[in-house]
Amino acid sequence: MASLLCPTPSTLRHNPRSACFFSSKLASRTNLCIFTNRCKSKPTRCNAFLGNVQEDLLETTLHLDQFPVFRYGFLQFQRFTGELPEMQKWGFLVFAGLTWIYLTSRPGILLGAIDTYLLAPLQLGFDILTGKRNLKPSDFVVGRKLGEGSFGIVYSGAIVPKNVAAETKVQTVQKRGRKNVTELDKRVKEKVILKKVKVGIQGAEECGDFEVWFNYRLSRAAPETCAEFLGSFIADQTNSQFTKGGKWLVWKFEGDQDLADYMKNRNFPLNLESVMFGRVLQGVDSVERDALIIKQIMRQIITSLKKLHDTGIVHRDVKPANLVVTKRGKIKLIDFGAATDLRIGKNYVPNRGLLDPDYCPPELYVLPEETPSPPPEPIAALLSPILWQLNSPDLFDMYSAGIVLLQMAIPNLRSTAGLKNFNLEIKTVGYDLNKWREYTRFRPDLTILDLDSGRGWDLATKLVSERGFLRRGRISAAAALTHPYFLLGGDQAAAVLSKLSFTRK
């Protein structure tokens, strides 16, 4: 027993460090006992000491002195829990932590509430003051037709300057080998994109209203994912360009060609090289150049989808025709008429699917058909994290992104017929790309996907697949961005190096 209390001389000779350890340990125990006894005898002085410790914790450890709001909150928490037993304090902390995790987990109840009750009203007030919510047909001139969908027609256009006469805003010219083409007056310089919502088509008006809502929502939550939305208006009279009662949506002009337009060119993806990188990549093999361009496009698509999904929105119509390419080489999502905000159940009907069948995943619906109709928005928002954890609805878009990757990398799939044949074959083999590769009779060129030990092919197999157990099995946008296909970063390096050492096209 004595040896336990005091080191013997022989112990000190063999292990002198033990003496130091023992003495320091004994001293600390002695000081602790003295401090405890003093606290018992003089509680007021002890409390003052603890108060100093708390101040030091605030100022030196947590640095809350730099953040008055957090400092105030911390002090209020101490005041509120000061007289509670220790177990109740810990229980309160655990409950507060779990509540915070729940409110901030996808799709973001807390951020959604801030957006709905603070940012949206602020945006509305600002837009009213600046006139963005008071657009009129006379503010715009409609140019040539760019495309047409089920519920709307898209045109180029421009904002009309005050000094331009109405009769000179638009002119129709005859071009060799083409029909009459509408051109804008040269004095009309601030271009826009206009979309006319079709009249008399069932669901078109509702779809237009949803698209307006989603564009405003994303202009606050993720503005870099979509074209800048300027607003909407309803035509108040019928003339050569507008029909009374027709609804129009307006975006800032960022490009009038989408990815589908570029893919129609036999020179794809090289026709996007200077757009994506600003220069022509010299000294790089042609196949590797193609691969770098496609990788840069896919990186931007999946990054935008991740930001979209983080807000609780699923696009439900991801395809090349809905991916506009800006003049600065940015890929932006357009056409949110089919989108759904599963944080509050906006534009969600359990048994309705709105995706193009050529890009539709095997599950057909963003949520299981047995999912009930959404409750009132506050209740839906409160339950939304559970819905996301059980169903992972964001994986719906990821299948479509995988099809886009295959189309860009495999020339056979860029035609309508080729894509339809692929969909028939992939369904036959149970949506297993590896089996399709052995089964298909079309001899697809997989050179681009097989580069770098087949990293591109591996990513494609993880996107174009069936949902597995608990509706998992297909990777999310966040997981896709950490895939080795993107981690190599060759496309990013090319974008930087091209500015330094490559010649302009």
Side-chain angles (χ1 to χ4, degrees), residues 258-273 276 281 284-302 305 317-323 325 331 355-363 395-467 473-475 480 483-486 488 490-491:
D258 53 50
L259 186 58
D261 294 327
Y262 284 99
M263 288 172 61
K264 292 173 184 177
N265 192 310
R266 291 184 178 181
N267 200 31
F268 180 85
L270 288 178
N271 59 344
L272 272 171
E273 183 178 29
M276 301 307 297
L281 305 181
V284 183
D285 178 79
S286 61
V287 176
E288 292 182 356
R289 289 165 66 191
D290 290 348
L292 289 174
I293 298 165
I294 291 171
K295 183 184 293 187
Q296 178 70 355
I297 294 170
M298 278 305 298
R299 186 191 296 275
Q300 292 194 42
I301 293 172
I302 294 181
L305 287 176
D317 201 10
V318 177
K319 58 183 179 181
N322 287 337
L323 295 163
V325 182
I331 306 295
L355 182 66
D356 188 320
D358 289 335
Y359 299 87
C360 188
E363 61 265 27
L395 301 189
F396 188 89
D397 283 341
M398 300 312 295
Y399 181 94
S400 306
I403 297 294
V404 175
L405 171 59
L406 291 178
Q407 279 192 292
M408 289 194 295
I410 305 174
N412 300 26
L413 303 185
R414 293 174 197 163
S415 67
T416 303
L419 184 57
K420 290 188 180 300
N421 288 328
F422 167 79
N423 281 314
L424 291 174
E425 289 186 343
I426 196 69
K427 184 177 181 180
T428 302
V429 296
Y431 298 93
D432 186 327
L433 270 183
N434 289 314
K435 291 183 179 179
W436 171 81
R437 184 170 184 164
E438 299 174 358
Y439 170 84
T440 184
R441 298 171 296 173
F442 294 100
R443 297 181 181 179
D445 183 0
L446 304 175
T447 305
I448 292 177
L449 294 176
D450 286 339
L451 288 175
D452 299 320
S453 303
R455 288 179 170 89
W457 176 257
D458 185 70
L459 175 63
T461 61
K462 288 178 168 57
L463 293 174
V464 181
S465 64
E466 279 194 304
R467 304 289 294 274
R474 191 182 303 145
I475 62 174
H483 188 276
Y485 175 71
F486 292 115
L488 292 176
D491 58 313

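The residues of the chain are indexed from 1 along the displayed sequence.
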[atom2] on [Y] to [atom1] on [X], rounded to 0.5 Å:
X    : Y    : atom1 : atom2 : result
L406 : L459 : CG    : CG    : 9.5 Å
W457 : L446 : CH2   : CG    : 5.5 Å
N271 : D261 : CG    : CG    : 10.5 Å
K295 : D452 : NZ    : CG    : 5.5 Å
I293 : L270 : CD1   : CG    : 5.0 Å
D432 : Y439 : CG    : OH    : 13.5 Å

Is [Y] close to [X] at the side-chain level, that is, under 4.5 Å between some pair of heavy atoms?
X    : Y    : answer
I403 : L419 : yes
T440 : I426 : no
T447 : D290 : no
Y431 : P361 : no
R474 : E363 : yes
E438 : V429 : no
K462 : D458 : yes
Y359 : N322 : no

Just jot down the ring-ring contact (aromatic ring centres under 6.0 Å, His included) partners of W436, sequence neighbours excluded, or say none.
F422

Check [X] against [Y] and note the closest heavy-atom contact, atom names and distance.
X    : Y    : value
P444 : I410 : CB-CG2, 3.7 Å
L451 : E288 : CD1-CA, 4.4 Å
K319 : V404 : CA-CG2, 4.1 Å
D317 : D397 : N-OD1, 4.5 Å
A480 : F486 : O-CD1, 3.1 Å
I301 : I331 : CG1-CG2, 3.9 Å

Whether the side chain of R467 engages the backbone of G473 through a donor-acceptor N/O pair (distance < 3.5 Å, no angle test) should be reported.
no

Verify side chain to side chain contact (heavy atoms under 4.5 Å, CB included) between L259 and M408, making sure each step is shown before the conclusion.
CA-CA 9 Å; L259 186 58; M408 289 194 295; 4.0 Å; yes

Determine, stepwise, if the pair V464 / Y399 fulfils side chain to side chain contact (heavy atoms under 4.5 Å, CB included).
CA-CA 5 Å; V464 181; Y399 181 94; 3.7 Å; yes

